[in-house]
Protein chains: 2
Amino acid sequence: MATVGIKDIATLAKVSPATVSRVLSSPELVSKKTLNKVKKIIDEMGYRPNRIGASLRTRKSGNIVAIIPDITNPVNAGIIRAIEQGAQSAGYSILLGDTQGLVERERHYADLVTSGQADGVLLFCSRMPFRIDPTLPLSGQIPPMVNANENMGNDEIVQVAVDNVAAAKAAVDYLVAQGHKRIAAITGPDDIPSSNERLQGYFAALEEAGLVLDPDLQIAGTYTVDSGVNCAEKLLLLRKRPTAIFCFNDEMAIGVMKLLKKQGFLIPEDVSVMGFDDIHYAEYVTPALSTVHQPLKEIGTACINLLLEQLRGNHVPPGRQFLPFELKLRASTGPAPHF
Amino acid sequence: MATVGIKDIATLAKVSPATVSRVLSSPELVSKKTLNKVKKIIDEMGYRPNRIGASLRTRKSGNIVAIIPDITNPVNAGIIRAIEQGAQSAGYSILLGDTQGLVERERHYADLVTSGQADGVLLFCSRMPFRIDPTLPLSGQIPPMVNANENMGNDEIVQVAVDNVAAAKAAVDYLVAQGHKRIAAITGPDDIPSSNERLQGYFAALEEAGLVLDPDLQIAGTYTVDSGVNCAEKLLLLRKRPTAIFCFNDEMAIGVMKLLKKQGFLIPEDVSVMGFDDIHYAEYVTPALSTVHQPLKEIGTACINLLLEQLRGNHVPPGRQFLPFELKLRASTGPAPHF
DNA sequence: TTGTAAGCGTTATCAC
DNA sequence: GTGATAACGCTTACAA
C-alpha cells in the first residue's frame, strides 16, 4: 500500500498536481486529451484520492452525523435507512451516534461538527446538543441541522415528523366512534415532546366527544413492552376499567396485549388496544395490532433532503414539516362492549 | 464561528503550537505550569481542535466503517449498538454503510478506507469488499477488519459469530427429542454462508437421529415474513406434511405461524415451529416462538474489541471465533402429534 | 487550458 | 520541557 498521491500521478502524466485535481473534481475544465491521459495513469496506478487532504482544504468532511437515542428502535432504524440512502447518493456518509438517551453522548456527537468531522446533523431527540446563546438568533449558532420525528419546541429549527396531535386524535376519534367511553392512554416519558403531543391529541378527542377526562386512565410508560405490561396492570386494577387502551407506541401495546391475554381478557371484545408507530411486527402479533402508521421512509427522505439543501448553502425555511400518518385498523380494536 | 486554531492558542498562551498540541495529545510531556496556562486559554477561547488537520498528519481518521446489508434487521441493529458503544469509548466513530445487499455499495463503503476516511472495517456480509490478489497473502492486502456474524469462507479473516452448525443441530436435536420425524427446514438464500451452515447442522441432526432426509422438506426462503408464509404453504401442500418446521430466522417463523394459524393448524399440537435469532418480538408472538438465541451484544463487543486491537497495531489471530448460542424453548414447539 | 504556489490545522522530528 | 519547522494530500487563486 505504498501510498500514491496526486503528485505522483502528476509526475507520471507530465502535468501539474493542479491538473490532476481538476481531472478529479472539475473535469470540464480540462482538455479531452489531458483528461484521458491523466485518467489512464490514475487507473494504472490504482490511485485513490485522499479525502482527508481534500477535507482539510475545503473545510468539508463529507459526513453527516445522526444523533439517535437508540438505533435498535425500529422507528429510528427505518428512518435512518432512508437517510443513509439519500446521503450516499449525494456523496455524504453517515456517522452513527447512538446516544442511549444520554446528554453527554448527544454533546459528544454534536462536537463532531465542531471538530470538522461532520458538516451537518440529523437529530432524533428533542434536546439541543449545541450550546446556544438564547439572546442571539439561532441561525449562525448551529450548523446545518434537521430534526427527525421529534419536536424541539423551537420553530427556528427544521423539523420533520408526523402531526402527533392530529394522529393521536384520529386514533382516539376512532375508538370514540366505536362507542368507547372509557379510553385509557399509556403515554411515553413525560419529558418527550412527541409523547406530550400525542397526549394533547388524546385530550382533544375526548373533549370533542364530550367525554370526561379521568386522570386514572392516563398513565406514563417508558415505551417498552414491560412498561406496557405494568401500566396495563394498573389499568385493570381500577374499579372502573377502560374499554379501550391507547398506547403511545407499539411496544407498549404489545405489552398490554400480553397482560390482557394472560388475564383472560378478550381483545377486542373486552378491551380494544390501539398502538402507535406501526412497527413491522404490529401486523404479526395476535390479534393484529391497530395502530397509527408513521411513514418512516418518507420522513427519512424528507430529513436528508432538507439537510442536503442546507449543506448546499441554500436557505431552508425553518419550522415543522408534517408528513401524513395513516390509521391502520386491524384486529385489536372493535366496538365497545355492552354492559 | 470565527475559527480559532492551535496557533491562536499558542500566541495567546505565549507558547509554541507544538506545546499546545502536546497539551492536547500528551499532557504528560508538559510541565504542570504551562499545562494549566494553556488549558485555561483553551477553555476561555472555546477552542476545539480540528480533527481533520490531525487526521491528515497522523494518517488516522478515527472512523470505523460498518458495512451492513440492512440496519433495519434487528440482529444487525443489536450488534451495531454494542459496536458503537465500544468504538465510542475508544474514541472512534462509526460510519454507517447500509448496503441493501448491493455489491457496489459494499465496495463504495470499503473505499472509505482507501480514501482515508476510515481506519478499519466491520463487515456484516460474507463478500470480500476489497479487491484481492489471490496469489498473495491476505494480510497486507486488507485493512484492519472483523467480520460480524457471517462466514467469509476464509480463515485468514477475523470472524465473530455463533456456531451456526452447532446451533442449528441443537435446535433440530430438540425437535427430534420431542419425537418429530418429519422436520422441515426453511433456509435462507443459498448464497448466504451462515444459512448453509445452519443447513449442515440440520443435516447432521437428522443423520444422527437416523431420519431420512426428504428433499421436499427443505425449502429456501428469503428471510422475510412473507417468504415464511410462502414456504409454509408449500410444506402444507405436501402429501406427507412435516410435524415440525425449523426456520432459519425468526421473521420466517413468524410468517409460518401466521399461515399455520390462518389455516386452522394448532401450534404446537399439529405443527411445531422453531425460529433462529431470538429477535425481541419472538417472545411476544402467539404462541411465543421457540428459537435459537444469538448474543448480539456479546458479538458486537467481541467484534469491536478485536478490531480495536488491530487498530492498535497488535496482531489478532485470524479465524473464526464462536460465541455461545442458547436454545430458547417457548410455546411454539412441543411433542410430535400421534397418529 | 494549464502551471505555480500558498495554504487548510495539525503533529513529528529535531534541536535546544 | 519547549520551540522551530517541515510535512500530511489536496484545492484554488492567480498567473501564464
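Proteins come first, then strands; the chains are lettered A, B, ... in the order of their sequence lines, and each starts at number 1.
Minimum atom distance to the side chain of Thr58(B) is reached by dA12(C), of the listed dA4(D), dC8(D), dA12(C). Distance from the side chain of Leu56(A) is smallest for dC8(C) among the nucleotides dC8(C), dT11(D), dT11(C). For Arg57(B), counting side-chain heavy atoms from C-beta on, the closest listed nucleotide (dT11(C), dC10(D), dT11(D)) is dT11(C). Ranking dT10(C), dT1(C), dT4(C) by closeness to the Ser16(A) side chain, first place goes to dT4(C). With dT11(C), dT2(C), dG3(D) as the candidates, the nucleotide lying closest to the side chain of Thr19(A) is dT2(C).
The shortest distance between the side-chain N/O atoms of Ser21(B) and the OP1/OP2 oxygens of dA12(C) is not below 4.0 Å. Phosphate contact (OP1/OP2 of dT2(C), side-chain N/O of Ser31(A), threshold under 4.0 Å): present. Distances shown here put a side-chain N or O of Ser25(B) below 4.0 Å from the OP1 or OP2 atom of dT11(C).
Distance, Asn36(B) CG to dG1(D) P: 14 Å, rounded to whole Å. Rounded to whole Å, atom C1' of dG3(C) lies 13 Å from atom NZ of Lys37(A). The CD1-P distance, from Ile6(A) to dC10(D), rounds to 5 Å in whole Å. Atom CG in Leu29(B) sits roughly 11 Å away from atom P in dA12(C) (whole-Å rounding). Between Ile9(B) atom CD1 and dG3(D) atom C1' there is a gap of 18 Å when expressed in whole angstrom units. Taking atom CG of residue Leu35(B) and atom P of nucleotide dG1(D), one finds them 11 Å apart after rounding to whole Å. Residue Leu24(B) contributes atom CG, which lies 7 Å from atom P of dT11(C) at whole-angstrom precision. dA5(C) atom C1' lies 11 Å from atom NZ of Lys7(A), rounded to whole Å.
Counting any heavy atom pair closer than 4.0 Å across all strands shown, Ser55(A) reaches no nucleic acid atom. Here Ala18(B) lies in heavy-atom contact (under 4.0 Å) with a base. Base contact: Arg22(B) has a heavy atom under 4.0 Å from a base atom.
Remark: Thr72(A) OG1 to Leu296(B) CG distance equals 8.5 Å, nearest 0.5 Å.
Within a 6.0 Å radius of NZ in Lys60(A), no more than 12 heavy atoms belonging to other residues, nucleotides or ligands are found. Residue Lys39(B) qualifies as open at atom NZ: its count of foreign heavy atoms under 6.0 Å is 12 or below.
Using a 4.5 Å cut-off on side-chain heavy atoms (C-beta onward), Arg81(A) and Asp70(B) make contact.
Comparing Tyr47(A) and Pro17(B) by the nucleotide of DNA chain D that holds the closest heavy atom to each, the one mapping nearer the 5' end is Pro17(B).
Arg105(A) and Asp98(A) are not joined by a salt bridge, as no carboxylate oxygen comes within less than 4.0 angstrom of a charged side-chain nitrogen.
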